[in-house]
Amino acid sequence: MFFNYFCWGFLLFLCAGCSPSDKSPQNSSLLPSLPKVSFRVEKKNPEKEGWKSEAFQEKAKKQLEKLSELLTSTTKITPQQISSIVHPKILSSILRPKNLKQVWSKANLKVWRNLEKNKPFHQKTQNKFCKLLENLIYPFVSRGTSPKIHWKIVGVDPSFEEIKIRVLYQASSHKSGEQIEQNATWLCSWSKTTPPLLQSVLVEDYEEVVLSSETLFSDCTKSVLGKNSCFEKQLMRGQEHWMRRRPFLIGVDNFGHHGVAIGDVNGDGRDDLYLCQTGGLPNRLFIQNSDGTATDISENSGTNFRERTHSALFLDLDNDHDQDLVLATNAAIIVMSNDGQGKFRLVTEGSFPNIYSLAAADYDQDGDLDIYATSYARQDLLDKHAGLTLEPIPYHDANNGAPNALFENQGKFQFVDVTNKVGLESNNKRWSFAASWEDFDNDGDMDLYVANDFGRNNLYRNEKGFFTDVAQKWGVEDIASGMGVSFGDYDRDGYMDLYVSNMFSAAGKRIAFQDQFQSQANSLTRQHFQRLARGNTLFRNTGTSFEDLSESSRVSMGRWSWGSLFVDINNDGWQDIIAPNGYITNTKTDDL
């Protein structure tokens, strides 16, 4: 059932994403004209489909959005304004706790949290609840700003007289070089009337963040790349623009699975940028100039491939102290030798299709770097079986994807597939997205972690050049939708910890806990499906096992995460976490 809903949503996405709008240009170099196509797909009705919880959450969210309009449009809220949203005898805890404790204060960033136990809520009149709402947005009003407010309903529990929901509240604003943000979890109950009325609110946790500067990071894309002709003509067009103008057969990837590589390709001490592209568009190599701008030398460097490219690595493969280039395209692995000046020569092209990512390490400690390539679906079987083999089976624990491979560096840019020889054929068809090398057990050699979609991940322990999958033993199978992985010693205890990016799905958290979801499955299978929606995972390495500290460390809700990275953002000696997230959409943001 879950996979059917996923497929239906994906079909809606394809129909919405590929149909030209009336305003879209009708000319392209490959297609002289694009016919106007109109798709009408009836939206699923959750109530008719038997998902009353989903039907209710839509009604509750509309009420919450009305509440947002009040909170963002006025500083004085009256009972009359909330009478169609809030029950006359509402029960509520304090929405912005009084005794907030400052848990972080360094440089320009301060964080407060409510560390006290939840206090019982008391009956409030609508007038008193208005005061609670006004107090909630006081940090914004006192700064002369109006917050942007978002709600995510992550749980629905229908009972006899009322319906309980768990909702994530997020509010933020920017003004005069200062940002403020509120994050909270509300446990609410609603009446079963039409429209539903908010009967109670219990604030389960609350966090307030103030950043006394414009941003931690500034978008410098245009200032760095803007002088190149490809910037306006190609890079700023967006995914949807090129999807409409490039035939699917040339390798157009509508998911945006294209990586980047950073490295000093010409030996001037400045890092340069290689940008992977979808099929039909040239990959780009930008050389960094002394003023911080970057110049496109793709054509002159010999790296402007038009094959769909998922991943790239800059690394010294022949130990001549310059950065060579490895590309993962939809057709093959491409290896290029660097002359030291930023000009590349094709030296090896291995047939290994549909690679999603690359990771390199000297696994056998012979002095040169070896390459591990992850793959995903069995594209070679698509035509034979009408696409049936592209379904992960079973959805929550699939092992029918395309195999990954380890290529051993033999010197002189020659590589040999040693996957089976070194034990990496074990559990090797798990729809892999990413991999990372690290010596997690401190025995002096490089081990390998592989993040897999639709189920279990792998932790391959290296024992004198032979690998054993110890993910279950060490507690890091992390049955979820693995899409990125990073190692780092975040607690500085000498052991490398692990952060895995997955999908956080509010809809998944609601649906997977309903009685009718996977009703014929056993409890363990249901738990696995429920885990798929939880989000990212932080594993602390104890030296003998890993502990899952995701929720206690507040790092599980990374939205729809694609990657992960441990990095010391503020140079305080402690490794922070970056989790890039998001998803492509059409010009209409409500098309999914």
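Values in this document were obtained by computation on a predicted structure and should not be read as measured data.
- Distance alone, capped at 3.5 Å, is enough to place a donor-acceptor pair between the Asn404 side chain and the Ser375 backbone.
- Just one of Ile578, Thr537, Val555 meets the side chain to side chain contact (heavy atoms under 4.5 Å, CB included) condition when paired with Tyr499; it is Val555.
- Classification of the Tyr376-Phe454 ring pair by plane angle, with boundaries at 30° and 60°, yields tilted.
- Between Asp370 and Phe415, every side-chain heavy-atom pair lies at or beyond the 4.5 Å cut-off.
- To the nearest 0.5 Å, the span separating CD on Gln323 from CG on Asp271 amounts to 8.5 Å.
- Side chain of Asp364 to main chain of Gly465: no donor-acceptor pair is present (N/O by atom type, distance under 3.5 Å, no hydrogens or angles).
- In this structure, Ser553 contributes its side chain and Ser550 its backbone to no donor-acceptor pair below 3.5 Å.
- A heavy-atom distance below 4.5 Å is not found between the side chains of Leu448 and Tyr363.
- Here the side chains of Glu547 and Thr542 are in contact, with some heavy-atom distance below 4.5 Å.
- Shown here for Ser223 and Cys220, the closest heavy-atom pair between the two residues is OG-O, 2.9 Å.
- One distance of note links CZ of Phe504 with CG of Asn581; it measures 11.5 Å at 0.5 Å rounding.
- A donor-acceptor contact shorter than 3.5 Å is absent between the side chain of Asn300 and the backbone of Ile297.
- For the pair Arg284 (side chain) and Gln277 (backbone), a donor-acceptor distance under 3.5 Å is absent.
- Of the possible polar contacts, none joining the Thr309 side chain to the Cys276 backbone as a donor-acceptor pair under 3.5 Å is found.
- Side-chain contact between Cys230 and Phe286 is present, with at least one heavy-atom pair separated by less than 4.5 Å.
- The closest side-chain heavy-atom distance from Leu235 to Lys222 is not below 4.5 Å.
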List the steps, then state whether side-chain contact (heavy atoms from CB on, under 4.5 Å) holds for Leu273 with Gln288. CA-CA 8 Å; Leu273 170 69; Gln288 186 179 169; over 6 Å; no
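- Annotation for Tyr495: atom OH does not count as buried by contact number, only 12 or fewer foreign heavy atoms lying within 6.0 Å.
- The only member of Asp478, Asp453, Asn536 that meets side chain to side chain donor-acceptor pair (under 3.5 Å) when paired with Asn502 is Asp478.
- Between the side chain of Thr419 and the main chain of Leu406, a donor-acceptor pair closer than 3.5 Å is present.
- Among Asp497, Asp548, Leu498, the one residue that satisfies the side chain to side chain contact (heavy atoms under 4.5 Å, CB included) test with Arg540 is Asp497.
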For Asp368 and Leu317, what are the C-alpha separation, side-chain angles and deciding distance, and is it a side-chain contact (heavy atoms from CB on, under 4.5 Å)? CA-CA 7 Å; Asp368 51 31; Leu317 291 172; over 6 Å; no
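- Of the N and O atoms on the side chains of Ser311 and Ser357, not one donor lies less than 3.5 Å from an acceptor on the other residue.
- Using a 4.5 Å cut-off on side-chain heavy atoms (C-beta onward), Asp318 and Asp324 make contact.
- Atom NE2 of His396 sits about 8.5 Å away from atom CG of Leu532, to the nearest 0.5 Å.
- Donor-acceptor pairing under 3.5 Å is recorded for the side chains of Asn452 and Ser432.
- Nearest heavy atom pair, residue Asn457 against residue Gly482, reads OD1-CA, 4.5 Å.
- We find the CD1-OG distance between Ile577 and Ser486 to be 8.0 Å, quoted to the nearest 0.5 Å.
- Checking side-chain atoms of Asn409 against main-chain N and O of Asp366 turns up no donor-acceptor pair under 3.5 Å.
- The two atoms that bring Arg531 and Ala480 nearest to each other are NH1-CB, 3.7 Å, heavy atoms only.
- Side-chain rings of Phe440 and Trp474 approach one another, their centers coming within less than 6.0 Å.
- Of the possible donor and acceptor atoms, one in the side chain of Arg237 sits under 3.5 Å from a partner among the backbone N and O of Lys233.
- Closest approach of Ala373 and Phe407 over heavy atoms only: CB-CE1, 4.2 Å.
- In this structure, Glu463 and Thr468 approach most closely via the heavy-atom pair OE1-OG1, 3.4 Å.
- Ring-plane geometry between Tyr356 and His310 is classed as tilted, the angle between the planes lying from 30 to 60 degrees on a 0 to 90 degree scale.
- Counting heavy atoms from C-beta outward, Asn541 and Phe487 have side chains that stay 4.5 Å or more apart.
- Asn458 places no side-chain N or O within 3.5 Å of a backbone atom of Tyr460 that could act as its donor or acceptor partner.
- Met446 and Phe467 get closest at one heavy-atom pair: O-CE2, 3.9 Å.
- No more than 12 heavy atoms of other residues, nucleotides or ligands shown are found within 6.0 angstrom of CD on Glu299.
- Of the listed residues (Asp445, Asp469, Asp441, Asp447), just one forms a salt bridge (charged side-chain N to carboxylate O under 4.0 Å, His left out) with Arg461, and that residue is Asp441.
- For the atom pair Leu549 CG and Ser556 OG, the distance stands at 11.5 Å (nearest 0.5 Å).
- Around atom CD of Gln472, no more than 12 heavy atoms belonging to other residues, nucleotides or ligands sit under 6.0 Å away.
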Checking side-chain contact (heavy atoms from CB on, under 4.5 Å) for the pair Asn283/Asn304: CA distance, chi angles, key distance, verdict? CA-CA 5 Å; Asn283 294 344; Asn304 57 336; 5.8 Å; no
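- A distance of 9.5 Å separates NZ of Lys509 from CD of Gln530, quoted to the nearest 0.5 Å.
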Start with the C-alpha distance between Lys429 and Asn399, add both sets of side-chain angles, then the distance that settles side-chain contact (heavy atoms from CB on, under 4.5 Å), and finish with yes or no. CA-CA 5 Å; Lys429 295 180 181 179; Asn399 199 10; 3.5 Å; yes
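- No side-chain heavy atom of Leu325 sits less than 4.5 Å from a side-chain heavy atom of Asn338.
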